[in-house]
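The chain is numbered in sequence order, starting from 1.
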Amino acid sequence: MKGSKEKRFWHYDVSQSEEGGTVILLQGRMDASTAASMLHALDPLIKKQAPPLLTLDLSKVTYLDDFGALVLAQLRDRVSERQGRFFIENASDKIHDLLDVLHFEAFRTKPSLYKKPSSGIFVRLGEAALAHASELQYMVSFAGSVCLALIHICSHPRELRAGDTLSYMEKTGVDALPIVGLISFLLGLIIAFMSSVQLQQFGANIYVASLVGLAMTRELGPIMTAIIVAGRSGSAFAAEIGTMKVSEEVDALFTMGFDPTRFLVIPKLLASVIVVPLLTLFSDLFAMMGGLLVGATMLDLTASAYITQTINTLESFDVFWGVLKSAVFALLIAWIGCFRGFRVGGGAAGVGRATTSAVVSSIFLIILTNSVFSVILRYWG
């Protein structure tokens, strides 16, 4: 025996084996209360002796937990750093079982320095193309599923979840009235103020009313309302369905014989298409009120003159065109929000990604669709 050290709850004996290696007989507990003192005593010993062969005799170890396994792994790494060999002998069945559970043979206290080689640019482009192609395929499939569900609801109106539809109408429309009204009022005020700076030079103050009315009814009213709804309701649709997907509620609906598209998507879709055009009219009205405030306070226009000029400028087609665009925007917002919700995967983080993606995708589709409407209007006119 080369030495013996006494510690609280444990101690060890060091001896030399016949092969010229070092044998350490550990006795007592190897747990959280002794791990630090074990490393403090044995680590310098191994560094000093640098044995070519280290054997740990665990025959007298009464208890070992994950902290004890970490001690063994640390000692093994110290020996491996010096190109030595490490063995464990006389361990009880319980200790063997615990080490198997912890995957001790594959466990290393230091992470591997191996770095996975990065893929080439063509590989990444190919992967991205395949991912987008798969996403496009699912989008087309989801659009077909929504169309079939709408046809079924039209032929069987009693199967529509009227209560949920009214609830979504309240959440999408009524609850959005304050923010839509405030933003539209400020937007009309800004348009009137900025245009008045130039129009005053030519004595054309009265045309501020025409500019605000046309800009809001044809373009800005539907777009701003749709963007607000996308941020409020589109994200909520994605988060709601995504959470149900993660918690396997969607699978439960399918198992019970319900069509998830008909059950979850159609009420949201119908509610959005009904209330967003009404919100757009509300937005137009508040924007004109903002312009009226600027006209009455800064341009010496009377309220009756401003309102008369607005009525004379606007045509029923202008209002109809804005309402039509807002209905299409609502359809896109509800569709993309529900689509992103059904595509959720990966737990809570996936729900967050789907919510963000729903808002970004909705805004992109709103701008793109509005551009198409502008081209149609240009050649139609």
Side-chain angles (χ1 to χ4, degrees), residues 172-173 176-232 272-273 275-333 362-381:
T172 304
L177 285 177
I179 186 64
V180 170
L182 177 60
I183 291 179
S184 300
F185 179 83
L186 295 176
L187 188 60
L189 189 148
I190 292 170
I191 295 173
F193 177 77
M194 296 303 296
S195 60
S196 66
V197 174
Q198 300 299 323
L199 294 176
Q200 272 184 320
Q201 301 177 20
F202 307 100
N205 295 343
I206 191 64
Y207 291 107
V208 170
S210 302
L211 181 61
V212 173
L214 284 175
M216 290 303 301
T217 54
R218 284 194 175 190
E219 298 294 336
L220 295 179
I223 289 178
M224 293 306 300
T225 303
I227 290 176
I228 294 171
V229 171
R232 291 186 71 260
S272 301
V273 172
V275 301
V276 172
L278 299 177
L279 277 177
T280 300
L281 295 175
F282 186 78
S283 171
D284 296 341
L285 178 62
F286 266 76
M288 294 174 191
M289 291 174 58
L292 175 60
L293 178 64
V294 173
T297 57
M298 298 181 60
L299 304 178
D300 297 327
L301 296 175
T302 62
S304 61
Y306 188 97
I307 295 173
T308 301
Q309 180 64 23
T310 300
I311 295 175
N312 292 336
T313 301
L314 293 179
E315 298 179 358
S316 57
F317 176 79
D318 298 323
V319 179
F320 167 77
W321 189 251
V323 170
L324 175 63
K325 289 202 297 186
S326 64
V328 175
F329 295 159
L331 184 67
L332 292 174
I333 291 169
S362 297
I363 294 175
F364 170 76
L365 289 176
I366 289 168
I367 302 300
L368 179 62
T369 307
N370 187 70
S371 302
V372 174
F373 272 109
S374 299
V375 174
I376 293 174
L377 182 63
R378 169 68 179 82
Y379 287 99
W380 190 1

Residue pairs passing the salt bridge (charged side-chain N to carboxylate O under 4.0 Å, His left out) test with at least one member in residues 191-213, sequence neighbours excluded, are none
Side chain to side chain, I366 and I333, heavy atoms closer than 4.5 Å: yes
Which pairs pass ring pair (Phe, Tyr, Trp, His ring centres under 6.0 Å) with one or both residues in residues 289-331, sequence neighbours excluded? F317-W321, F317-W380, W321-F373, W321-W380
Please report the interatomic distance OG1(T297) to CG(L292), rounded to the nearest 0.5 Å. 9.0 Å
Provide the closest heavy-atom pair for A192 versus G291 in the form atom of the first, atom of the second, distance. CB-CA, 3.6 Å
What pairs of residues pass the salt bridge (charged side-chain N to carboxylate O under 4.0 Å, His left out) test when at least one of them lies in residues 211-225, not counting sequence neighbours? R218-D318, E219-K325
Mind checking what makes side-chain contact (heavy atoms from CB on, under 4.5 Å) contact with F185, not counting sequence neighbours? L189, F286, M289, L293
For the atom pair CG (L220) and CD1 (I183), what is the distance rounded to the nearest 0.5 Å? 12.5 Å
Does any pair with a residue in residues 292-303 pass salt bridge (charged side-chain N to carboxylate O under 4.0 Å, His left out), and if so which ones, sequence neighbours excluded? none
So, S283 side chain and L279 main chain: donor-acceptor pair closer than 3.5 Å or not? no
Pairs where residues 187-212 contributes a residue and the test side chain to side chain donor-acceptor pair (under 3.5 Å) is met, not counting sequence neighbours: S210-Q309, S210-T313
When rounded to the nearest 0.5 Å, the distance separating CG of L186 from CG of L182 is 4.5 Å
Donor-acceptor check, side chain of S326 to backbone of V323, threshold 3.5 angstrom: yes or no? yes
d(I311 CD1, L314 CG) to nearest 0.5 Å is 8.5 Å
Separation of M216 CE from L281 CG (nearest 0.5 Å): 11.5 Å
Which atom pair, heavy atoms only, marks the closest approach of A287 to V212? O-CG1, 3.8 Å
Using the rule given for side-chain contact (heavy atoms from CB on, under 4.5 Å), can you reason through T225 versus D284, listing the C-alpha separation, both sets of side-chain angles and the distance that settles it, and then say yes or no? CA-CA 10 Å; T225 303; D284 296 341; over 6 Å; no
S272 and P277 have their tightest heavy-atom pair at O-CD, 4.0 Å
To the nearest 0.5 Å, what is the distance between CD1 on I206 and CG on L199? 11.0 Å
